[in-house]
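The first residue of the sequence shown is numbered 1, and numbering continues consecutively from there. When a ligand or atom number is given, it counts from 1 through the structure's own listing order. What you are looking at is a predicted structure, and each value in this text was computed from that prediction instead of being measured.
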Amino acid sequence: MGYIKEKFKVKADELNVEVKELVKNYGTKKIDEGVTIAQVYQGMRGITGLVTETSLLDANEGIRFRGYSIPELREHLPKAPNGAEPLPEGLFYLMLIGELPTEADVQYLSSMWGRRSHVPNHVFDAIEALPITAHPMTMFTVGIMALQTESSFAHAYSEGLNKKDYWSETYEDTMNLIARLPRIAAYIYRRKYKGGQHIQPNGMLDWAGNFAHMLGYSDEGFRELMRLYMVIHADHEGGNVSAHTTHLVGSALSDAYLSLAAGMNGLAGPLHGLANQEVIKWILQMREELGGGMPTKEQIETYVRKTLSEGKVVPGYGHAVLRKTDPRFSAQMEFAKKHLPNDELVKIVWMVYETVPPILKDLGKVKNPWPNVDAHSGALLVHYGLVEYEFYTVLFGVSRALGVLASLCWDRALGLSLERPKSVTTEWMKEFVEGKVDAIAD
Ligand code: HAX
């Protein structure tokens with residue numbers, strides 16, 4: 001057993017004891033006043049019903065990973081030689097173990113993922129079986145599903161796996177998946193957009209640096225962007241669609257491959273991860289309709305109102321939990337100010353940031369008029385030449401795997417139960433408000 005795995009086991013044993021005590025002593029204590037009918041119909045907003053150890057989201061402050069904000073992560077996590085952005089290996093260690101990593105921990109993960117990165121040919125064959133016109137996210141989930149043949153958990157379970165060892169096989173699947181996802185993603189990119197000219201991995205590079213290399217980008221600025229991108233998109237506590245879906249499917253003891261593929265299908269929705277492609281598409285269309293070049297603030301305003309009048313959302317704005325500018329947006333803005341302050345598309349993103357919130361506020365119904373993570377990412381990628389925006393959600397997916405798979409290890413280590421909330425019919429709801437049936441018993 002490697003030392004990170006041993007360390008995880010120690011942490012898991014400790015937390016297991018604490019959780020059992022908590023449930024034994026306070027299991028019947030209510031953590032809120034109950035659930036309203038509006039919450040049942042409106043996406044269960046505000047209902048606390050999940051445990052996710054890796055990160056916690058505050059509506060006003062944004063995400064904290066094991067207590068560390070994004071600016072703190074950028075300061076404290078190890079960096080690549082001569083780099084300024086945090087390495088995703090370090091964030092993964094922090095999410096899994098709950099402690100800041102040393103340089104050696106990060107190097108251990110880099111080389112472990114390098115060693116485990118071989119992708120069997122049948123995965124590429126499965127991707128090749130799809131038409132070239134298929135969306136990259138479809139290719140990505142097909143690739144993950146094809147890789148499921150390699151699941152240690154599924155194999156061990158079929159042989160008769162003891163409950164207390166579920167976490168161990170999930171850990172193996174997690175490490176293998178994270179090691180292989182960049183290769184699958186890069187394969188999709190090079191297949192769809194670069195005539196199938198694939199690039200072999202460079203074992204000397206860190207995980208994100210090597211991903212950038214396999215995509216075909218050797219610019220150090222792009223590598224730095226990938227490191228930052230992979231860190232800030234990794235986790236957003238447990239209730240978002242991709243994290244919740246991965247957890248839900250995993251609760252049936254579906255292995256990490258099945259669970260992650262399910263989560264990725266959720267990420268591929270336009271109200272979630274696909275918003276990153278929608279943002280840049282929306283900006284480019286606006287620019288084209290206006291005849292190219294820099295739009296004025298008034299022109300952007302008119303375009304936003306047109307979007308709304310057509311019954312569409314303004315992509316990249318709003319959030320189910322956040323109520324302020326997303327610190328993940330601010331981190332990208334900072335990166336842009338440092339590396340590409342004169343980029344035209346970036347300047348448009350900043351003008352949109354000045355224009356959209358007051359308009360959304362005036363609608364009176366939008367709970368959060370501020371930008372989310374997706375409002376900025378596309379402009380940065382376009383700057384470095386990655387213009388194929390349908391691929392953007394795959395980048396998000398590779399990063400999101402870090403968080404949801406670290407969480408899945410914890411789900412198995414804590415022996416969390418099959419998820420099965422109660423549902424009712426609207427007929428039941430009507431009878432309830434008329435006093436004909438009682439509230440669901442505790
Ligand atoms: N543009 C226009 N209308 C918006 C809006 C936006 N950006 N954000 C919210 N609204 C509307 C909602 O559609 C809803 O309208 P109806 O009552 O007519 O249905 C109303 O305002 C209330 O919605 P809300 O409570 O403020 O927001 P929700 O929690 O229901 O939804 C969403 C949150 C992120 C889905 C929403 O803000 C949205 O659609 N944003 C645009 C798409 C987007 O950027 N998604 C990415 C979110 C971050 C993420 O997951 N990244 O991966």
Distance-only N or O hit between ligand 1 and Leu363, under 3.5 Å
no
Sub-3.5 Å N/O-N/O distance, Val314 and ligand 1
yes
Any idea which heavy atoms bring Asp374 and Ala275 closest together, and the distance?
OD2-CB, 3.5 Å
Identify the protein heavy atom lying closest to atom 13 (O) of ligand 1, giving its residue, its atom name and the separation to 0.1 Å.
Val313 CG1, 4.2 Å
Between Lys306 and Glu289, is there a side-chain N and carboxylate O pair less than 4.0 Å apart?
yes
To the nearest 0.1 Å, how far is atom 27 (O) of ligand 1 from its closest protein heavy atom, and which atom is that?
His319 O, 4.6 Å
With heavy-atom distances below 4.0 Å as the criterion, list the atoms of ligand 1 near Phe396.
52 (O)
Scan the protein's non-hydrogen atoms and note whether one is under 4.0 Å from atom 32 (C) of ligand 1.
no
Closest to atom 42 (C) of ligand 1 (heavy atoms only, candidates Gly318, Gly43, Pro270) is Pro270
Protein heavy atoms near atom 16 (P) of ligand 1, is at least one of them under 4.0 angstrom away?
yes
Quick one: does ligand 1 sit under 4.0 Å from the side chain of Leu308, the backbone, both or neither, non-hydrogen atoms only?
side chain
Among side-chain atoms of Trp370 and His319, is any donor-acceptor pair under 3.5 angstrom?
no
Got the closest protein heavy atom to atom 18 (O) of ligand 1, with its distance?
Lys365 NZ, 2.7 Å
Is it true that Arg227 and Glu220 make a salt bridge, defined as a side-chain N closer than 4.0 Å to a carboxylate O?
yes
Show the atoms of ligand 1 that are less than 4.0 angstrom away from any heavy atom in Gly316.
43 (C), 44 (O)
Do the side chains of Glu150 and Arg116 get close enough for a salt bridge, i.e. N-O under 4.0 angstrom?
no
Crowding at CE, Met351 (>12 non-hydrogen neighbours, <6.0 Å):
yes
Among all protein heavy atoms, pick the one closest to atom 40 (N) of ligand 1 and tell me residue, atom and distance.
Tyr317 O, 2.8 Å
Below the 3.5 angstrom mark, is there an N/O of Leu271, backbone or side chain, next to an N/O of ligand 1?
yes
Please check if atom CD in Gln197 has more than 12 non-hydrogen atoms from other residues, nucleotides or ligands closer than 6.0 Å.
no
Do Arg400 and Ser242 have side-chain N/O donor and acceptor atoms under 3.5 Å apart?
yes
I'd like the name of whichever of His236, Glu278, Lys367, Arg45 reaches closest to atom 29 (O) of ligand 1 through any heavy atom.
Arg45
Could you check whether atom OH of Tyr26 has more than 12 heavy atoms from other residues, nucleotides or ligands sitting under 6.0 Å from it?
no
Relative to ligand 1, is Val366 under 4.0 angstrom through side chain, backbone, both or neither, heavy atoms considered?
both
Any idea which part of Asp374 is under 4.0 Å from ligand 1, heavy-atom wise: side chain, backbone, both or neither?
side chain
Check this for me: Glu288, atom CD, are more than 12 non-hydrogen atoms of other residues, nucleotides or ligands nearer than 6.0 Å?
no
What part of Ala275 sits under 4.0 Å from ligand 1 if we count only heavy atoms: the side chain, the backbone, both or neither?
side chain
Which protein non-hydrogen atom lies closest to atom 50 (O) of ligand 1, naming both residue and atom, and how far is it?
His272 ND1, 2.8 Å
Between Ile70 and Ala331, which heavy-atom pair has the shortest distance, and what is it?
CG2-CB, 3.9 Å
Looking at atom 52 (O) of ligand 1, would you say a protein heavy atom lies below 4.0 Å from it?
yes
Atoms of ligand 1 under 4.0 Å from any heavy atom of Gly273, numbered from 1 in the order shown, are 52 (O)
Would you confirm whether the ring centroid of Phe153 sits within less than 6.0 angstrom of the ring centroid of Tyr166?
yes
